[in-house]
Amino acid sequence: MKKAIAEYFNFSRKERNGIAVLLFLIGMLIITPFFFPFFIKNETIDATEFSNEIAMLKEKQIDSAQTYTKRQYASGDYKDFPKNKYTEKATGELFYFDPNTATADEWKRLGLKDKTIATIQKYVSKGGKFYKPEDISKIWGLHPDQIERLMPFIQIKLMTPAYVQNKSFEPKIYQKTARTITIVELNDADTTSLIALPGIGSKLSQRILNFRDKLGGFYSIEQVGETFGLPDSTFQKIKSQLKLGTNGIRQININTITIDELKTHPYLRYTLANAIIQYRNQHGNFATIADLKKIMIMTDEVFSKVSPYLKVN
């Protein structure tokens, strides 16, 4: 036993050298981390230089934001329009004027662009009225800064009753001009005619038109109330001024339309559109629109709303 143990722990010179090298490497690995601080150079941070770099970065972000005209400008939402670019163009003579009777030349003198002037004249020609200075905010293309600039000079003339003959009366008695009721044909309307309605600005008028186009036209006045962002109180105010003309709605053929086209309809979306296409693929073309009721997820409510927009040939 002793002989076996002695032979087990008996190493040759080559083996002893190998063990010594291995122990040396292990020792170096253990003590090396303690020498790291002597090789790492401590760099001091210049707070002033760091602050300057942050300031430069912020300046670049501001410049970038100012040169970007947001999409809201096209839809009538001007809150993010770069003011620095607008104020450079805000020129024109300031004088007292009545927006209901101002001529194109007068608007031009006030500094308005030709396109904005055309919008105003079209609005007035279709029966639109300005009842108070704030009403000019309805005009598409008129920037809030320009509205603020013009409002102090707006003087809307009022009608003087015929029975007031005595000029010594002070102050004179005035009454407001009777408001003209604007009737709008829904499927032919543009933004200008819709803006003439009470409570409808450029943004809401564009939303109503977008909803109409996605549907394929309105078949009921009540559908206008489904427009996103249109308060029910506003819809109730304008409902009596809306009408449906002779123009029909745009129908889609459910036997030929693709799922990508069908899913864009506001009353269908992807789930129901996909079910319609899958049913058609399995059972062949629809013979009548009523065949859609055979689809399990087609409710009576959805069918009654969407069926006027569908056809089979």
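Any value given below was found using the heavy atoms of this structure, including those in side chains, with hydrogens, waters and symmetry copies removed. We count residues from 1, following the sequence as given.
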For Leu230 and Gly225 the tightest heavy-atom approach is CD2-CA, 4.3 Å
dist Phe235:CZ -> Ile208:CD1 (nearest 0.5 Å) comes out at 9.5 Å
Lys115: salt bridge (charged side-chain N to carboxylate O under 4.0 Å, His left out) partners, not counting sequence neighbours: none
CG (Leu142) and CG (Asp145) are apart, to the nearest 0.5 Å, by 10.5 Å
Heavy-atom closest pair (Leu197 atom, Val184 atom, distance to 0.1 Å) is CD2-CG2, 3.8 Å
Could you tell me whether the side chain of Gln223 and the main chain of Ser220 form a donor-acceptor pair under 3.5 Å? yes
Report yes or no: do Phe95 and Ile147 belong to one cluster of Ile/Leu/Val/Met/Phe/Trp/Tyr joined by side chain heavy-atom distances under 4.5 Å? yes
Between the main-chain N or O of Val302 and the side-chain N or O of Thr299, is there a donor-acceptor pair closer than 3.5 Å? yes
Does Asn210 offer a backbone N or O that forms a donor-acceptor pair with the side chain of Asp213 under 3.5 Å? no
Between Ile195 and Ser205, what is the shortest heavy-atom contact and its length? CG1-OG, 3.8 Å
Assess whether side chain to side chain contact (heavy atoms under 4.5 Å, CB included) is satisfied between Glu134 and Met151, documenting all intermediate values. CA-CA 7 Å; Glu134 293 81 3; Met151 276 180 53; 3.8 Å; yes
Find out if a path of hydrophobic residues (ILVMFWY) with successive side-chain heavy-atom gaps under 4.5 Å connects Ile297 to Tyr309. yes
Considering residues at least two apart in sequence or located in another chain, which fulfil the salt bridge (charged side-chain N to carboxylate O under 4.0 Å, His left out) criterion with Glu261? none
Taking CG in Asn281 as the centre, count heavy atoms belonging to other residues, nucleotides or ligands within less than 6.0 Å. Is the count above 12? yes
Residues 290-306 vs salt bridge (charged side-chain N to carboxylate O under 4.0 Å, His left out), sequence neighbours excluded, gives Asp291-Lys294
Residues in salt bridge (charged side-chain N to carboxylate O under 4.0 Å, His left out) with Asp114, at least two apart? Lys108
The side chain to side chain donor-acceptor pair (under 3.5 Å) partners of Lys122 (sequence neighbours excluded) come to Asp190
Looking at Arg13, I want to see if its CZ is surrounded by more than 12 non-hydrogen atoms of other residues, nucleotides or ligands under 6.0 Å. no
Under 3.5 Å: donor-acceptor pair, side chain of Glu15, backbone of Ser12: yes
Only counting residues at least two apart or in another chain, list the ones meeting side chain to side chain donor-acceptor pair (under 3.5 Å) with Asn255. none
Let me check something: any side-chain donor-acceptor pairs from residues 269-278 under 3.5 Å, sequence neighbours excluded? List them with distances.
none

Work out which heavy atom in Tyr123 is nearest to a heavy atom in Ala196; give both atom names and the distance. CE1-CA, 3.4 Å
Mind checking what makes side chain to side chain donor-acceptor pair (under 3.5 Å) contact with Asn253, not counting sequence neighbours? none
How long is the span from the NE2 atom in His265 to the CG atom in Leu215, to the nearest 0.5 Å? 5.0 Å
Shortest non-hydrogen contact from Gln241 to Pro198? OE1-CD, 3.5 Å
May I ask you to decide if Thr103's main-chain N or O and Glu106's side chain share a donor-acceptor pair within less than 3.5 Å? yes
Return yes if some donor-acceptor pair links the side-chain N/O of Ser193 with the main-chain N/O of Ala189 below 3.5 Å, else return no. no
Nearest heavy atoms of Leu262 and Leu268, plus distance in Å: CD1-CD1, 3.4 Å
Could you walk me through whether Leu292 and Ser307 pass the side chain to side chain contact (heavy atoms under 4.5 Å, CB included) check? CA-CA 9 Å; Leu292 291 173; Ser307 57; over 6 Å; no
Could you check whether the rings of Phe211 and Phe218 sit parallel, tilted or perpendicular, using 30° and 60° as the cut-offs? tilted
For atom OH of Tyr96, decide whether the heavy atoms of other residues, nucleotides or ligands shown that lie under 6.0 angstrom number more than 12. no
Just jot down the salt bridge (charged side-chain N to carboxylate O under 4.0 Å, His left out) partners of Lys263, sequence neighbours excluded, or say none. Asp260
Roughly how far apart are Leu310 CG and Gln251 CD, rounded to 0.5 Å? 7.5 Å
With rounding to the nearest 0.5 angstrom, report the OG to CD1 distance, Ser233 to Ile238. 10.0 Å
Given 3.5 Å as the limit, does a donor-acceptor pair link the side chain of Thr116 with the main chain of Leu112, or not? no
Who pairs with Lys14 by side chain to side chain donor-acceptor pair (under 3.5 Å), at least two apart in sequence or on another chain? none
Please list all pairs meeting salt bridge (charged side-chain N to carboxylate O under 4.0 Å, His left out) that have one or both residues in residues 220-247, counting only residues at least two apart or in different chains. Glu222-Lys239
My understanding is that only residues two or more places apart in sequence, or in another chain, count here; which of them pass side-chain contact (heavy atoms from CB on, under 4.5 Å) with Pro99? Phe97, Trp107, Phe130, Ile136, Ile154, Ile156
Working for side chain to side chain contact (heavy atoms under 4.5 Å, CB included), residues Ile200 and Lys138: CA-CA 8 Å; Ile200 303 298; Lys138 287 185 174 184; over 6 Å; no
If only atom types and distance count, is the side chain of Arg280 paired as donor or acceptor with the main-chain N or O of Ile254 below 3.5 Å? yes
